[in-house]
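Step one of this worksheet: look at the structure below.
The first residue of the sequence shown is numbered 1, and numbering continues consecutively from there.
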Amino acid sequence: GEKLEDNIRLIGACNPYRIRKENIERYGLTREDDEDDKYVYKVEQLPQSLLYYVFSFGALQDENEKKYIKSIIQKLFNEKENNLHDYTTEAISKCHQFLRKSFGNDPSVVSLREIARFTKCVEFFQDYFLKKDNFLNDNKKSQYSLNDETKKTYKIKSIICSIYLCYYIRLTNEEKRGNFENELQEILLQIANAYCDDDDLENTTGNLYSKIRYKKLADELRLKNFERFSDLLKIEEEFLFKQIELDKSIVKTEILKEILFLLFFAVVTKIPFIIVGQPGIGKRLSSQLICNS
């Protein structure tokens with residue numbers, strides 16, 4: 001009931017009507033006969049009196065989105081990590097383009113929220129790798145030696161694992177995941193070699209880990225027969241899986257390992273997510289195992 005100051009103006013943001021494309025995966029979360037399901041998201045019609053004031057700005061263009069990405073993730077990098085900052089920005093931008101293309105060029109498949117989640121994910125992994133090394137070295141009295149080289153290795157692994165956890169895992173079949181790997185291989189190699197001098201970056205052949213010129217990271221991955229960048233995340237899924245007591249009747253599948261790690265990540269970071277899948281893949285089982293552990 002109080003009059004607003006004369007210099008106050010009211011603004012609002014409204015979602016547009018956008019028809020869902022026929023070939024978009026629906027994840028089985030909506031009813032086929034739901035009238036509102038033909039839209040990408042539920043929208044209410046604006047009053048006629050407001051239509052005069054509506055301005056449509058369309059979707060965010062790739063180059064502008066890249067600027068937002070670079071700005072949002074800036075806090076993860078120091079002034080000496082410009083190359084790593086640029087490569088990570090490029091990798092996230094490629095992920096957004098790939099996912100939109102994979103889901104029928106739908107611009108709403110990914111948004112700037114993914115980048116905020118990515119930064120949380122990187123911070124989680126850097127803490128996780130330190131605690132994991134302390135655990136493996138049984139070094140409870142004194143902290144694991146955290147020199148510059150170890151810190152750099154943690155950061156590279158954290159960025160690559162975060163890319164896979166935020167984007168790769170959302171792809172629902174092996175063909176799309178394989179295409180994702182191929183699309184990002186070159187930029188992920190640049191991330192892996194971001195701390196190397198230019199003189200060290202001559203072309204190499206052979207296994208993927210032989211193309212990584214950052215010695216500490218290459219040595220670590222060579223010991224584990226590293227073949228693809230997604231193996232970095234699979235190594236952590238396997239490690240977590242081994243820490244959980246399983247009944248002998250439980251079938252140990254790759255998808256169960258994936259869900260368990262996602263749940264573990266979600267609990268620690270308090271980031272919600274939805275598991276969608278057919279009966280029997282381990283949705284309920286994985287939550288029980290995490291709770292019991």
Side-chain angles (χ1 to χ4, degrees), residues 25 27 60 62 65-77 81 84-103 106-129 132 154-174 176-192 194 228-240 254-255 257-277 286 290:
E25 270 187 86
Y27 288 120
L60 197 62
D62 289 343
E65 184 182 59
K66 196 180 288 188
K67 291 175 184 176
Y68 278 111
I69 293 170
K70 188 168 186 175
S71 176
I72 294 169
I73 67 173
Q74 188 169 11
K75 67 176 183 177
L76 297 173
F77 306 94
E81 295 176 325
L84 188 57
H85 187 185
D86 289 342
Y87 297 148
T88 305
T89 300
E90 185 64 32
I92 295 172
S93 178
K94 281 181 178 288
C95 289
H96 282 218
Q97 292 169 32
F98 184 88
L99 259 73
R100 288 189 182 114
K101 186 177 178 182
S102 296
F103 291 95
D106 183 355
S108 63
V109 168
V110 285
S111 70
L112 297 180
R113 293 185 188 92
E114 264 72 40
I115 303 141
R117 189 182 301 122
F118 172 83
T119 59
K120 263 191 165 182
C121 199
V122 172
E123 290 166 351
F124 158 80
F125 271 114
Q126 287 186 278
D127 184 54
Y128 163 86
F129 285 127
K132 178 187 173 185
Y154 285 171
K155 181 165 274 191
I156 291 170
K157 286 164 60 179
S158 296
I159 289 168
I160 293 173
C161 284
S162 297
I163 286 169
Y164 280 91
L165 197 61
C166 290
Y167 299 103
Y168 174 85
I169 266 178
R170 289 180 58 185
L171 299 167
T172 55
N173 64 58
E174 289 304 315
K176 285 182 179 178
R177 289 186 171 193
N179 292 338
F180 181 92
E181 294 257 31
N182 295 335
E183 186 80 17
L184 264 77
Q185 170 130 322
E186 187 177 333
I187 188 66
L188 293 180
L189 265 174
Q190 289 179 306
I191 289 172
R228 300 175 298 174
F229 278 113
S230 58
D231 288 343
L232 268 176
L233 186 57
K234 291 187 186 303
I235 288 167
E236 306 315 323
E237 291 171 0
E238 181 68 29
F239 170 74
L240 181 77
E254 291 301 314
I255 196 164
K257 293 177 188 177
E258 200 170 272
I259 294 171
L260 278 169
F261 195 87
L262 268 169
L263 272 170
F264 171 68
F265 165 74
V267 169
V268 174
T269 59
K270 300 178 183 176
I271 294 176
F273 74 103
I274 300 171
I275 308 170
V276 184
S286 57
I290 285 288

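- Between the side chain of S158 and the main chain of Q126, a donor-acceptor pair closer than 3.5 Å is present.
- The minimum heavy-atom distance linking C166 with F118 is given by the pair SG-CA, 3.8 Å.
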Given R100 and D62, is the side-chain contact (heavy atoms from CB on, under 4.5 Å) satisfied, shown in steps?
CA-CA 11 Å; R100 288 189 182 114; D62 289 343; 4.2 Å; yes
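- T119 and E123 share no donor-acceptor pair across their side chains, judged by distance under 3.5 Å alone.
- Listed here is the closest heavy atom pair of C95 and I163: SG-CG2, 3.7 Å.
- Proximity of a side-chain donor or acceptor of R177 to a complementary backbone N or O of L171 within less than 3.5 Å is detected.
- At a cut-off of 3.5 Å, with distance as the only test, a side-chain donor of E181 or Y164 sits close to an acceptor on the other residue.
- Side chain to side chain, H96 and E65 meet the donor-acceptor criterion of an N or O pair below 3.5 Å.
- Of all heavy-atom pairs spanning L263 and S286, the tightest one is CD1-OG, 3.4 Å.
- Note that CD1 of I156 is 11.5 Å distant from SG of C161, once rounded to the nearest 0.5 Å.
- Cation-pi geometry between K176 and F103 is met: the NZ or CZ atom falls under 6.0 Å from the ring centre, inside 45° of the normal.
- Atom CZ of F273 has more than 12 heavy atoms from other residues, nucleotides or ligands within 6.0 Å.
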If you apply the rule side-chain contact (heavy atoms from CB on, under 4.5 Å), what do you find for L262 with I169, and how did you get there?
CA-CA 9 Å; L262 268 169; I169 266 178; 3.6 Å; yes
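- The CD1 atom of I275 lies 9.5 Å from the CD1 atom of I255; values are rounded to the nearest 0.5 Å.
- Ring orientation note: the planes of F77 and H85 are close to parallel, at an angle under 30° on the 30°/60° scale.
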Apply side-chain contact (heavy atoms from CB on, under 4.5 Å) to the pair L260 and K257, showing each step before the final yes or no.
CA-CA 5 Å; L260 278 169; K257 293 177 188 177; 5.8 Å; no
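- Two residues are said to be in side-chain contact when any heavy atoms from C-beta on lie closer than 4.5 Å; D86 and K70 meet this criterion.
- Note on E186 versus K94: no salt bridge recorded, every NZ/NE/NH1/NH2 to OD/OE distance being 4.0 Å or above.
- Scanning both residues, L165 and C121, for their nearest heavy atoms gives CD2-SG, 3.6 Å.
- E114 contributes atom CD, which lies 10.5 Å from atom CD1 of I72 (distance to the nearest 0.5 angstrom).
- With rounding to the nearest 0.5 angstrom, the OH atom of Y154 is 15.0 Å from the CD1 atom of I159.
- Here the closest non-hydrogen pair linking E81 and L76 is OE1-O, 4.0 Å.
- No option in Y167, F98, F229 other than F98 meets the ring pair (Phe, Tyr, Trp, His ring centres under 6.0 Å) test with F180.
- In this structure, T88 contributes its side chain and L84 its backbone to a donor-acceptor pair below 3.5 Å.
- The structure places CD1 of I160 at 5.5 Å from CG of L188, a figure rounded to the nearest 0.5 Å.
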Determine whether F124 and V268 satisfy the following criterion, side-chain contact (heavy atoms from CB on, under 4.5 Å), listing intermediate values before the conclusion.
CA-CA 8 Å; F124 158 80; V268 174; 3.8 Å; yes
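- Scanning all heavy atoms of the two residues, the minimum distance from A91 to I191 falls at CB-CD1, 3.9 Å.
- Within the 4.5 Å cutoff, the side chain of E236 has heavy atoms near those of the K132 side chain.
- Rounding to the nearest 0.5 Å gives a distance of 11.0 Å between CG of L184 and CD of Q190.
- Remark: the backbone N or O of K270 is not paired with any side-chain donor or acceptor of K120 at under 3.5 angstrom.
- F129 and F125 have their aromatic ring centers within a separation under 6.0 angstrom.
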